[in-house]
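Quick note: numbers below take in every heavy atom, side chains included, and nothing from hydrogens, waters or symmetry partners.
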Amino acid sequence: MTKLNQIIAVEKGVKSKALQESAAAHQKVQKPVLLAGISRTYQPKDEEGEQLPPESSRVQVRAEEILRDMSASLTRLFDVTATKDWANRTACADVTVDGRTVLAEVPVSYLLFLEKQLTELHAFVKKLPVLDAAESWSLDPSTDWWKTDPVRTIRTKKVPRNHVKAEATEKHPAQVEVYHEDVPIGYWTTVKFSGALPARRVNELLERVEKLQQAVKFAREEANGTEITDRRTGEAVFGYLFA
């Protein structure tokens, strides 16, 4: 019995070969000179007339032969594709993670869809915003936000002060220097909030996605190992078309 993965392995090569041969056939039938032949002989009007050699050219391409060759080439492609598509209707496998069946009897086409979607989800989860590790966060049940502990800071105000560098005398005024002093006038109490996720949560999500990705790949390999029936559709199609 043929297995689905064997058909998948040869499909690309069969398709490439069939396309090349079809393109070559198309080019040949588009060149009238290759399909044309001629035979000419010359007979002078009388015995004293000039004698000319006969002229001839052979037909190089026969359209009916091109059809036969093209049918033979495409028949293999039709059979391989049909075998794969018919098999995809029945080939399936379970997606299992850590002994738990997440999805049962999943067809190959859906497993391929899952692989693509999980690749995109992995990229999305990897870019999720993460809480600042420099802060200490706790979940606020009333808002469902993450928040930090309150931090109290002093608010100050610059107040001008005078510093007497030299006292006044009978001959000189006092030498005074003005400077500013930070004087506490109040307190800020700050609580930060965030809708981001803890790094632990993001790592857990990434691990789940990666496990499911691996499970889907295993399931696809298992499904592709299903024994299948070779289909013969090409002969029926071209037997009707070019009979």
Q: Considering only heavy atoms from C-beta outward, does the side chain of Gln20 approach that of Ser16 to under 4.5 Å?
A: yes
Q: Using modelled atom types only, decide if a donor and an acceptor are shared between the side chain of Asp140 and the backbone of Trp145 within a distance under 3.5 Å.
A: no
Q: Can you classify the ring geometry of Phe78 versus Phe238 as parallel (below 30°), tilted (30 to 60°) or perpendicular (above 60°)?
A: tilted
Q: Are Lys217 and Glu221 ion-paired here, with the side-chain N under 4.0 Å from a carboxylate O?
A: no
Q: What residues join Val178 in its hydrophobic cluster, counting side-chain heavy atom gaps under 4.5 Å, either direct or through other members?
A: none
Q: Regarding Asn88 and Ser109, is there a side-chain donor-to-acceptor distance under 3.5 Å anywhere?
A: no
Q: Check Asp94 against Ala104 and note the closest heavy-atom contact, atom names and distance.
A: OD1-CA, 3.3 Å
Q: If you count heavy atoms of other groups shown closer than 6.0 angstrom to OH of Tyr179, is the number above 12?
A: yes
Q: Does the side chain of Thr226 come within less than 4.5 Å of Val108's, by heavy atoms?
A: no
Q: Under a 4.0 Å threshold between the charged nitrogen and the carboxylate oxygen, would Asp182 count as salt-bridged to Lys158?
A: yes
Q: May I ask you to test the Val61-Lys31 pair for a side-chain heavy-atom distance under 4.5 Å?
A: no
Q: Quick one: side-chain contact (heavy atoms from CB on, under 4.5 Å) partners of His122, sequence neighbours excluded?
A: Lys126, Leu206, Val209, Glu210, Gln213
Q: Taking only residues at least two apart or on different chains, which pairs with a member in residues 189-204 satisfy side-chain hydrogen bond (donor to acceptor under 3.5 Å, both in side chains)?
A: Glu135-Lys192
